Amino acid sequence: MRSVSGILIRKLCMTFLTSPAVYSHSWTIWTPWYTLQLLSSRTSPSIPMPSYGLTKRGIRFLLLAIVLCFVLPGILYHRETVRNYFTDHLPPLYEDYREREQNLGHYKEYETSKDVKYLWSANHAHSSGWGNVMQDYVMNALLAHTTGRSFVFDDYIWRPDGTLFTDYNGHLIPSRIPLTALLGGIIVGGEMPPGDTTPRAVSKDFFNKVCPNPTVVHVTEVNDDRMRFDESVPASYIFEKWLEKINSIEDPCVEIDPKSDAIFEYWIFGHERMLSIWKYLKDSPVSTHWGWSPLIHDAYRRNRHIFVPNAKSTFFEGLSGSAVTENYTAPIPGLLALHVRRGDFQDHCVHLGKWSSNWNAFNLFPEFSDRFQRPTDGGWGETSEKNMQMYMQRCFPTIDQIVQKVVQVRVESEEPLTHVYIMTNGAVAWVEELKEALRNSGNWAQIKSSRDLDITWEQKFVVQALDMLVAQRSEVFIGNGWSSLTSNVVMLRMAQSFPPDSNRFW
Ligand SMILES: Nc1nc2c(ncn2[C@@H]2O[C@H](COP(=O)(O)OP(=O)(O)O)[C@@H](O)[C@H]2O)c(=O)[nH]1
Ligand SMILES: [Mg+2]
């Protein structure tokens with residue numbers, strides 16, 4: 001009779017072997033397979049087992065040693081995949097992250113302190129792409145920090161109805177993700193830089209506990225129609241009006257009414273008006289001390305060889321707590337990162353062309369060499385063929401157009417560009433075609449894409465943040481002028497003093 005532990009080991013091995021992630025690591029295939037053969041041979045008389053002069057006990061000991069040395073580390077390395085297999089492939093809920101958010105080190109002190117003031121923007125953005133949500137979080141955090149209040153953070157919410165999962169184009173995604181799965185640093189409660197006495201950020205639940213009856217402010221108390229719609233009103237004017245408003249409130253507990261529109265509505269982000277905010281944002285720790293989460297850092301380390309050719313990456317780096325120290329804001333020499341925005345942008349770019357839409361927020365800095373002249377002969381809901389072609393070339397470029405731009409940017413770059421990372425939501429086959437065309441256009445040490453990443457199940461649903469981290473650190477970045485995701489990358493690069501002209505656009 002086979003022992004229970006024998007059956008368990010076999011089941012674990014089978015799980016391990018049937019997981020597709022295993023096949024990218026050839027070393028992990030043969031070891032468990034061989035172990036399995038050896039284990040099977042104990043119960044299967046058809047496969048004679050060589051003893052090599054070992055006693056029965058010796059063989060068992062050897063098997064145990066093999067399991068401990070090879071199979072267990074393999075399972076540990078692919079622990080997300082294994083866990084996922086046993087939990088029926090449901091998206092992760094990031095419970096440990098949520099738990100930690102509820103118990104940050106400074107809460108105890110803040111609970112009894114009378115000096116801490118809070119700002120909870122309960123009207124924060126949700127149900128849209130991470131780029132738009134991040135822009136909103138940046139503005140809310142900037143307002144909290146500039147008024148000396150603790151920023152109150154919430155989840156990245158795709159569906160705010162209390163469900164755990166959402167059907168997104170036929171597959172399940174988490175309805176909400178704790179912000180600490182995406183971000184680290186001051187926006188999720190990290191320490192302020194030395195000398196900055198602004199109170200640290202707290203979670204929404206903590207705020208609700210210490211502020212059961214906050215002063216609620218409606219956005220219409222400050223924003224009038226002129227501020228919202230008049231394109232000659234800079235965003236800094238709106239911001240200053242809000243500084244006045246929040247600073248006039250004595251109550252330590254302030255909440256922006258959850259049903260209010262955003263203070264900075266989406267059309268303000270799609271206009272030069274937004275650039276006036278830079279004088280507040282550029283020196284704020286919200287941008288200068290921006291940080292990604294340990295989960296994203298982990299994903300970076302696991303895939304470092306994709307962003308840094310010839311990087312030494314050891315097996316143990318895939319496990320949490322790598323010994324290698326990485327500076328997550330240092331530039332990656334020689335790396336050219338491309339933001340190739342596909343998917344919904346196929347139709348969206350046509351829509352942008354028809355309405356003669358301008359580029360997004362921080363893609364519009366006047367010191368950039370790639371600028372966009374919004375056509376003045378475009379109409380409302382329709383435009384000329386020539387204008388549309390221009391929109392498609394810059395918003396949804398073909399492979400030839402991408403290659404042409406890459407060649408030009410490489411020639412113009414002050415620093416040598418040696419390898420390429422394509423960040424994209426494009427289809428695998430199309431990305432392979434693009435890689436081939438780029439390979440044929442020049443001598444690159446390496447060309448990789450988002451589709452080459454080896455990521456865990458938890459990392460899968462926040463992987464856009466890994467792409468942003470890489471783009472933020474690339475020597476030169478080519479982005480999509482209309483994309484909020486590009487604009488956030490450019491904003492971080494500008495805050496961290498990358499040369500303005502290392503930001504290029506299709
Ligand atoms: N991983 C990855 N995802 C992307 C990329 N570009 C777009 N996406 C996905 O598509 C969404 C785009 O929406 P958003 O962030 O609002 O940016 P925008 O639509 O380009 O302004 C992101 O949240 C990602 O999920 C990319 O380069 N890499
Ligand atoms: Mg979007």
Side-chain angles (χ1 to χ4, degrees), residues 91 124-139 155-159 166 168-169 171 173-174 176-177 179 181-183 262 264-271 274 292 295-296 299-300 303 306-307 335-352 357-364 391 394-397 402 420-428 430-431 434 448-456 458-474 477-492 505-506:
H124 71 80
H126 57 78
S127 315
S128 57
W130 165 246
N132 302 89
V133 170
M134 176 173 153
Q135 281 185 326
D136 185 64
Y137 262 132
V138 165
M139 291 311 296
D155 296 340
Y156 169 38
I157 302 172
W158 187 255
R159 203 164 106 184
T166 303
Y168 180 78
N169 290 339
H171 62 268
I173 60 167
R176 43 176 49 225
I177 298 176
L179 205 58
L182 284 144
L183 301 183
F264 300 92
E265 287 161 289
Y266 73 87
W267 57 83
I268 301 180
F269 281 100
H271 195 275
M274 202 61 206
W292 301 104
L295 184 65
I296 301 302
Y300 178 87
N303 291 282
I306 288 186
F307 322 120
L335 177 63
L336 170 64
L338 315 177
H339 186 201
V340 181
R341 187 72 174 82
R342 298 320 260 191
D344 54 316
F345 259 40
Q346 176 143 35
D347 296 332
H348 190 53
C349 294
V350 174
H351 174 82
L352 294 166
S357 298
N358 205 348
W359 277 2
N360 196 270
F362 300 108
N363 300 333
L364 285 162
Y391 265 86
R394 306 204 67 181
C395 182
F396 205 75
I402 293 173
V420 180
Y421 179 67
I422 306 164
M423 55 185 278
T424 186
N425 58 342
V428 177
W430 185 84
V431 177
L434 171 61
K448 296 282 184 188
S449 85
S450 309
R451 301 304 186 198
D452 298 313
L453 297 172
D454 171 26
I455 47 172
T456 66
E458 277 193 334
Q459 287 160 354
K460 181 178 164 61
F461 299 90
V462 291
V463 71
Q464 68 274 17
L466 171 61
D467 277 350
M468 293 180 75
L469 162 66
V470 175
Q472 177 195 329
R473 298 177 54 191
S474 61
F477 171 60
I478 309 182
N480 182 312
W482 287 273
S483 165
S484 60
L485 201 122
T486 282
S487 164
N488 288 325
V489 168
V490 170
M491 184 273 287
L492 293 173
F505 300 89
W506 304 115

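Atoms within each ligand, like the ligands themselves, are counted from 1 in listed order. Since the model is a prediction, treat every value here as computed from it, not as a measurement.
- The shortest N/O to N/O separation between D344 and ligand 1 does not fall below 3.5 Å.
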message = As a quick check of understanding, evaluate ring pair (Phe, Tyr, Trp, His ring centres under 6.0 Å) for Y421 and F307, giving each step before the final call.
response = CA-CA 7 Å; Y421 179 67; F307 322 120; 5.1 Å; yes

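- The distance from ligand 1 to the heavy atoms of W130 drops below 4.0 Å at these ligand atoms: 15 (O), 23 (O).
- The atoms of ligand 1 that sit less than 4.0 Å from any heavy atom of S484 are 14 (P), 16 (O), 17 (O), 18 (P), 20 (O), 21 (O).
- Between V463 and ligand 1, no pair of N/O atoms sits closer than 3.5 Å.
- The part of R341 lying near ligand 1 is the side chain, judged by heavy-atom distances below 4.0 Å.
- Those atoms of ligand 1 that come under 4.0 Å of a heavy atom in N132, given as number and element, are 14 (P), 16 (O).
- Close approach of ligand 1 to G131 is summarised as follows: ligand atoms under 4.0 Å from at least one heavy atom of the residue are 14 (P), 15 (O), 16 (O).
- Remark: R342 is positioned above the aromatic ring of F396, its terminal NZ or CZ atom under 6.0 angstrom from the ring centre and at most 45 degrees off the axis.
- In terms of protein heavy atoms, atom 5 (C) of ligand 1 is closest to H339 NE2, 3.7 Å.
- Side-chain contact annotation: N360 with Q135, donor-acceptor N/O pair under 3.5 Å present.
- Contacts between M134 and ligand 1 below 4.0 angstrom, taking non-hydrogen atoms only, are absent altogether.
- At least one N or O atom of T424 sits closer than 3.5 Å to an N or O atom of ligand 1.
- Considering backbone and side-chain N/O of S483, one or more are found under 3.5 Å from N/O of ligand 1.
- At under 3.5 Å, not a single nitrogen or oxygen of S450, backbone or side chain, sits near a nitrogen or oxygen of ligand 1.
- The set of protein atoms (N, O or S) found at less than 2.8 Å from the Mg ion (ligand 2) reads N132 OD1, by chain and number.
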